[in-house]
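None of the values given here were measured: they were computed from a predicted structure. Every chain is numbered from 1 and lettered A, B, ... according to where its sequence line falls, protein lines coming before strand lines.
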Amino acid sequence: MSTPTAITPTRDKDFPEWYQQVVRAADMAENSEVRGCMVIKPWGYGLWENIQRQLDVKFKATGHVNAYFPLLIPLSYLEKEAQHAEGFATECAVVTHHRLEAQKQPDGTTKLIPTGELAEPFVIRPTSETIIGAAFARWVESYRDLPLLINQWCNVMRWEMRPRLFLRTAEFLWQEGHTAHETAEEAIAETRTMHKVYEDFLRDHLAIPVIPGEKTERERFPGAVQTFTVEAMVQDKKAIQAGTSHYLGQNFAKAANIQFLGRDNTRQLAHTTSWGVSTRLIGTVIMAHGDDDGVIIPPRVAPNQIVILPVTPKPETRQEVIDACEALAQTLRTQTFGGEPLRVHVDKRDLQGGAKNWEWIKKGVPMRLEMGPRDITSRSVAVCRRDLGPKAKEFVPKEEFIQSVQERLGEIQDALLARATSLRDANMKKLETLEEFKAYFAENSEGGFALMNWAGSSEDEDTLSKDLKVTIRCIPHGDQFAEEGKCFLTGKPSSRRVIFARSY
RNA sequence: CGGGGCGUAGCUCAGCCUGGUAGAGCGCUUGCUUUGGGAGCAAGAAGUCGUCAGUUCGAAUCUGGCCGCCCCGACCA
């Protein structure tokens, strides 16, 4: 018998638990034996590889090149920038020894005892500003060496108190861009360029609309002058910071001594930036698009965009059906979507058809095709779109399907973006008073993005966030948020609305 | 680090109060049946009950230490 939904509980009943179950049902990742560290399984990693490859193309197109820096950072490096040090101090894993000594125990087992204490401990990178800064200091001598536009794909470690798969893990994968420039203007332009790259990527590839804006001082990256963010809304109406881009001013250049001889023959400090997105994007995709039957992956980044399920009711026609499915897959693979060859998989496993079908539903493959003896005779395929219900099935002449496959995947991509956009727009509200604000974020109210005129201080912000567990997600860019008014808390004049929300 | 809870088969858990050396469901294996579909029946494999010590003739069960994990806070991509 079929259950009403593949995932229990449903999103309405218990969103956090739904999320955990979905990650598991989709076989994307699992908790490992190492505290806070996940095992990313092939289906989840496949999604990451696509995100990585497609973003990398955009980084290269904006002039960046990839490089790799050490995992271990000398403790003293982290100490060089005061705010940065303070910001990351409480979540660092520290390496203090460089060898183990085997000690035989009375019971015959062997214990390994750390010995060889290091003169200076290393910190496993929580982010690489300091060590990349040190390299930049060596590489930059003249204004002619600038700009330096470097990106690194790597893992980082932040010893989080409460890990959750993809959203907040002790070790995670990300990319960190680090650039150095001759002038503040250039560095700020770079920061904005990458901010825009993230915004476009989220919208066009992950089908997630974001609100681009700037962080307040309280929410800023430790050591940054300005932090830009793209904020997405997921289905429980909370905000999630999906990517950040920082203008670091000359703070890190000063700390790492990134100096160059300028056009006017004077010694100057470089202006640096950094920007990153992480495997958190996977969690964002799951929470933005998933439904009560599992994940829904946007076609552009899906590890498989199409899965073909051979329907083999009789053993004597089995091989014929499988051959036909393989042939269809081959034909489809010659086509492209989003500039990449179609990723098509034929699921030939000897399992019950229904079981396979539901497995792919839970994994969120955008499109499933069924083909059996009757379809071969009628030269058609059964097409199931993941963004529609699990029962929705359309029989399409095979040739017509082959002709229209790009368009059909495009429809799914667009439908996901449209759905996510209307969810967000339906849950953004302009409010005017503190009473309205408190009611909006009351215990049993739905919440969402509150658009508020704001002129409060960091202390005001701190109080609000402690009382109501909401934070200013960003000061959004764009004319739609420019509006003369009074701060809802202090009554001071304000010319823009900011976004308040609960967040991940 | 504060406040709660939990460690028993691959997974989810029951058994513990009232000690007598192990159970269910799912998953897995095999066979038969079924086949446009998350199937049915039957048989089977699988656990030194987190760990160390104590009480006892006897401990998954009682007591204590240790380790680990989960949830709620503070922190966070």
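Here A77(B) is the nucleotide among G73(B), A77(B), G36(B) with the atom lying nearest to any side-chain atom of Ser278(A). In this structure, of G36(B), G37(B), C76(B), it is C76(B) that holds the atom nearest to the side chain of Arg168(A). Nearest nucleotide to the Phe172(A) side chain, out of G36(B), G38(B), A77(B): A77(B). The Glu91(A) side chain lies nearest to C75(B) when the options are C75(B), G36(B), A77(B). Closest to the Val311(A) side chain, of the nucleotides C75(B), A77(B), G36(B), is G36(B). The side chain of Gln241(A) lies closest to A77(B), out of G36(B), G73(B), A77(B). When distances run from any side-chain atom of Ala6(A) to the nucleotides G36(B), G38(B), G37(B), the shortest one goes to G38(B). For Gln20(A), counting side-chain heavy atoms from C-beta on, the closest listed nucleotide (G36(B), C75(B), C71(B)) is C71(B).
Contact annotation for Gly276(A): no contact, since no heavy-atom pair falls under 4.0 Å across all strands. Counting non-hydrogen atoms under 4.0 angstrom, Gln352(A) reaches a base of the nucleic acid. No engagement by Glu176(A) is indicated, since no non-hydrogen atom pair under 4.0 Å with the nucleic acid exists. Among the protein residues, Arg24(A) comes within range of the sugar-phosphate backbone only, with heavy atoms under 4.0 Å from sugar or phosphate atoms but none that close to a base. Across all strands, Thr279(A) comes closer than 4.0 Å to no nucleic acid atom at all (heavy-atom distances). Contact annotation for Asn31(A): no contact, since no heavy-atom pair falls under 4.0 Å across all strands.
As rounded to whole Å, 14 Å separates atom P of C76(B) from atom CZ of Arg220(A). Distance, Asp293(A) CG to G38(B) P: 14 Å, rounded to whole Å. Nucleotide C75(B) holds its C1' atom 11 Å from the CZ atom of Arg218(A), rounded to whole Å. Distance CD (Glu17(A)) to C1' (U12(B)): 11 Å, rounded to an integer number of Å. In this structure, His84(A) places its NE2 atom 12 Å from P of A77(B), rounding to the nearest Å. Between Asp27(A) atom CG and G38(B) atom P there is a gap of 21 Å when expressed in whole angstrom units. In this structure, the CD atom of Glu160(A) is 15 Å from the C1' atom of G73(B), given to the nearest Å. Straight-line distance from the CD atom of Glu231(A) to the P atom of A77(B): 10 Å, rounded to whole Å.
A distance cut-off of 5.5 Å between ring centres, combined with a plane angle under 30°, leaves Trp174(A) outside any stacking arrangement with the base of A77(B).
The base-pairing partner of G19(B), taking Watson-Crick or G-U wobble contacts with both distances under 3.5 Å, does not exist among the strands shown. Taking a pair to require two hydrogen-bonding distances under 3.5 Å in either a Watson-Crick or a G-U wobble arrangement, A60(B) remains unpaired. The nucleotide C49(B) finds no pairing partner, because no Watson-Crick or G-U wobble arrangement with both distances shorter than 3.5 Å includes it. In this structure, A43(B) forms a base pair with U29(B), meeting either the Watson-Crick or the G-U wobble geometry with both donor-acceptor distances under 3.5 Å. Under the Watson-Crick and G-U wobble criteria, each requiring two contacts below 3.5 Å, nucleotide C6(B) is paired to G68(B). Here G37(B) sits opposite no nucleotide as a Watson-Crick or G-U wobble pair (both hydrogen-bonding atom distances under 3.5 Å). Both distances falling under 3.5 Å, in either a Watson-Crick or a G-U wobble arrangement, place G73(B) opposite C1(B).
If you find the closest nucleotide of RNA chain B to Lys393(A) and to Asp462(A), the one lying nearer the 5' end belongs to Lys393(A). Mapping Thr90(A) and Arg374(A) onto RNA chain B by nearest heavy atom places Arg374(A) at the nucleotide closer to the 5' end.
Lys348(A) has a carboxylate O that lies under 4.0 Å from a charged side-chain N of Glu326(A), or vice versa, which qualifies the two as a salt bridge.
Checked against the 6.0 Å centroid criterion, the rings of Phe252(A) and His178(A) do not qualify as a close aromatic pair. Aromatic pair Trp275(A)/Phe59(A): ring centres closer than 6.0 Å. In summary, the aromatic rings of Phe441(A) and Phe437(A) are positioned with their centroids under 6.0 Å apart.
Cation-pi contact between Lys80(A) and Tyr77(A): present, with separation from the ring centre below 6.0 Å and deviation from the ring axis of at most 45°.
Ring geometry, Trp360(A) versus His345(A): the interplanar angle falls from 30° to 60°, so the pair is classed tilted. Between Tyr247(A) and His271(A), the ring-plane angle classifies as parallel under the 30° and 60° cut-offs.
For the P atoms, the distance from C11(B) to C66(B) is 27 Å, rounded to whole Å. Spacing of C1' atoms, C75(B) relative to U21(B), comes out at 47 Å, to the nearest Å.
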Using a 3.5 Å cut-off and no angle test, enumerate the donor-acceptor pairs between side-chain atoms of residues 369-381 of chain A and protein atoms at least two apart in sequence or in another chain.
from      : atom 1 : to        : atom 2 : distance (Å)
Glu370(A) : OE1    : Lys393(A) : NZ     : 2.8
Asp375(A) : OD2    : Gly372(A) : N      : 2.7
Thr377(A) : OG1    : Pro373(A) : O      : 3.0
Ser378(A) : OG     : Arg374(A) : O      : 3.0
Ser378(A) : OG     : Asp375(A) : O      : 3.4
Ser378(A) : OG     : Ser380(A) : OG     : 2.9

